[in-house]
Protein chains: 2
Amino acid sequence: MNTDSLLNYISKYIDLTEEEQAILLSKIKYRKYQKGQYILQQGDVCKISCFILKGCAKSYHIDKEGQEHIINFCIEDWWASDLGSLISQDPSDFNIQCIETTEVLQFTYNDQESLVNEIPKMERLFRKMLERALVSSQKRIVRNFSLTAKERYLYFKEQNPSIDQRVPQYMIASYLGMTKEFLSKIKSQLILDQ
Amino acid sequence: MNTDSLLNYISKYIDLTEEEQAILLSKIKYRKYQKGQYILQQGDVCKISCFILKGCAKSYHIDKEGQEHIINFCIEDWWASDLGSLISQDPSDFNIQCIETTEVLQFTYNDQESLVNEIPKMERLFRKMLERALVSSQKRIVRNFSLTAKERYLYFKEQNPSIDQRVPQYMIASYLGMTKEFLSKIKSQLILDQ
DNA sequence: AAATGATGTTAAACTAGATTAACATTTTAC
DNA sequence: GTAAAATGTTAATCTAGTTTAACATCATTT
């Protein structure tokens, strides 16, 4: 179990002693998912947070018309979870499905809460992570309202060149809130523009 | 300075001793804004968080076409701030303007950070607040993608009947990501439907 | 009570993006 | 290496929501 990238990630926010690191790691479980497998299925209660070591997953919602809406791509050094379901323990509205073979370090919400009690400064880590996630979520709402489909794609591509390469185009269209046909049109226009 | 509603709000998340409450209150400043006044202006660095005691403010972004996009309505027992600017100390992309005479309890980010150091369990409060805010922000993104304009309005009205009454209709349209003319059309259709 | 500004309505013309459907290309599995 | 599945493209048609513009109503000030 390679825990370096998790410890490295955490060290950007807080300093942990060797003992604290040991406590943290004692709560963690390594798991490997094959492409296509679900980390979470809509309707199930979310029990875990996953730190992605390697691979890629999509978290998405299926609406009442059966349409898939991608909320996030989860890649290396990101977290995959449904926070809403995790804290309420209500059934989730989201699926999290691996679109590549994906290796994660996971811990349960209970372990996360007891971790916070044993190592109070972990609270600060989670607070800082949540701050950043909230800011980026709010900014996304603004972009969805104020940018055209083309502008949204260009922004996405600029901010996430690696995801743009890595993920099928129809999923990017879903993430950006447009149809795959329209994104295809946008891309062919962009080539003509050059 | 009436601090009951703030203390009551906090008590839903954590228990503070009398001394801790005193420390908290020592960092807080009461302020009254008149209708039309700005708590924050786009381009300024956000220095404070405001807990709303009474009144209502809108936080909004003005895009490059000059269009206003309302991010949130801030009413009693909510917070008004631009977290992104507050944590980065970069110029804000948002305005927060009072649409009623508004009374707030405010504290600076520095005071908030030192508060967290003096009373570590405040970290938990902020974490829990952020968790809820992030969940609701993510759910809003999903709604914006998966619901029609009419459905978004009906959901808003159901969840926020008091804001629907209290705030001019054209601002609600902006918050919901549609034009005021289209919201007007939706509402007249809804009356016919009955 | 008249005037001004803010808010809300209606309707016609328009458009960004969706839908449908047929086809092309790439990847995967056997 | 070929069939099947997954992904991407193109184009015609359609529609949810925007734009524009004129008018109506309500609230506030003098």
Side-chain angles (χ1 to χ4, degrees), chain A residues 34-37 55-58 60 62-70 73 97-101 143-157 163-194, chain B residues 34-37 56-58 60 63-70 73 97-101 143-157 163-194:
Chain A
Q34 294 305 317
K35 182 175 172 173
Q37 280 194 299
C56 183
K58 58 176 177 175
Y60 62 98
I62 296 197
D63 71 20
K64 56 187 192 314
E65 261 88 45
Q67 274 219 292
E68 175 174 320
H69 301 278
I70 294 184
F73 296 110
Q97 188 184 20
C98 297
I99 57 183
E100 300 174 5
T101 301
R143 286 196 305 275
N144 288 344
F145 280 154
S146 59
L147 301 184
T148 64
K150 187 177 181 176
E151 290 168 330
R152 268 179 280 143
Y153 172 64
L154 286 173
Y155 181 85
F156 173 80
K157 192 179 159 173
I163 300 179
D164 186 51
Q165 301 291 356
R166 188 172 182 176
V167 164
Q169 192 169 307
Y170 72 92
M171 290 187 194
I172 292 171
S174 170
Y175 174 80
L176 293 172
M178 65 188 80
T179 59
K180 57 187 166 42
E181 291 86 357
F182 198 63
L183 179 54
S184 177
K185 200 170 174 179
I186 285 170
K187 289 185 106 174
S188 66
Q189 274 171 17
L190 286 174
I191 291 165
L192 292 178
D193 286 356
Q194 288 168 4
Chain B
Q34 295 305 319
K35 180 175 174 175
Q37 280 195 299
C56 183
K58 58 177 177 176
Y60 62 99
D63 70 20
K64 57 188 191 311
E65 261 88 45
Q67 275 218 292
E68 175 175 321
H69 301 279
I70 294 184
F73 296 110
Q97 187 184 19
C98 298
I99 56 182
E100 299 175 4
T101 301
R143 287 196 304 274
N144 289 343
F145 280 155
S146 59
L147 302 184
T148 64
K150 186 177 182 176
E151 289 167 333
R152 269 178 279 141
Y153 172 63
L154 287 172
Y155 181 85
F156 173 80
K157 191 180 159 171
I163 299 180
D164 186 51
Q165 301 290 359
R166 188 171 181 176
V167 164
Q169 193 169 307
Y170 73 92
M171 292 187 193
I172 292 171
S174 170
Y175 173 81
L176 293 173
M178 65 189 79
T179 58
K180 57 188 166 45
E181 292 84 357
F182 197 63
L183 179 55
S184 177
K185 199 170 174 179
I186 286 169
K187 289 186 104 173
S188 66
Q189 273 171 17
L190 286 173
I191 291 165
L192 292 178
D193 285 356
Q194 287 168 3

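Every chain is numbered from 1 and lettered A, B, ... according to where its sequence line falls, protein lines coming before strand lines.
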To the nearest angstrom, how far is [X] atom [atom1] from [N] atom [atom2]?
X: A:Lys185; N: C:dT19; atom1: NZ; atom2: P; answer: 13 Å
X: A:Gln169; N: C:dT27; atom1: CD; atom2: P; answer: 13 Å
X: A:Lys180; N: C:dA24; atom1: NZ; atom2: P; answer: 16 Å
X: B:Asp63; N: D:dT18; atom1: CG; atom2: P; answer: 13 Å
X: B:Glu68; N: C:dA6; atom1: CD; atom2: P; answer: 13 Å
X: B:Phe145; N: D:dA16; atom1: CZ; atom2: C1'; answer: 17 Å
X: A:Lys150; N: C:dG17; atom1: NZ; atom2: P; answer: 11 Å
X: A:Ile70; N: D:dT7; atom1: CD1; atom2: P; answer: 11 Å

query: With distance as the sole test, does B:Ser174 use its side chain to make a donor-acceptor pair with the main-chain N or O of B:Glu68 at under 3.5 Å?
result: yes

message: If you only use heavy atoms from C-beta on, which nucleotide in D:dT10, D:dT19, C:dG17 is closest to the side chain of B:Glu181?
response: D:dT19

message: Nearest to the A:Phe182 side chain among C:dT10, C:dG17, D:dG8, which nucleotide is it?
response: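 Selected nucleotide (nearest to the side chain): C:dG17.
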
- request: Would you check if B:Thr179 and B:Tyr170 make a side-chain contact, meaning some heavy-atom pair closer than 4.5 Å?
  value: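 Not touching, per the 4.5 Å side-chain cut-off.
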
query: Relative to each other, are the rings of A:Tyr175 and A:Phe156 parallel, tilted or perpendicular (30° and 60° limits)?
result: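 Geometry flag for A:Phe156 against A:Tyr175: tilted rings.
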
message: At less than 4.0 Å, is any side-chain N or O atom of A:Thr179 found next to OP1 or OP2 of C:dG17? Yes or no.
response: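 Answer no for this pair, as no side-chain N or O of A:Thr179 is under 4.0 Å from OP1 or OP2.
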
- prompt: Is A:Tyr170 touching bases, backbone alone, or none of the nucleic acid, heavy atoms closer than 4.0 Å?
  reply: sugar-phosphate

query: So does A:Glu100 pair up with A:Lys58, basic N to acidic O under 4.0 Å?
result: no

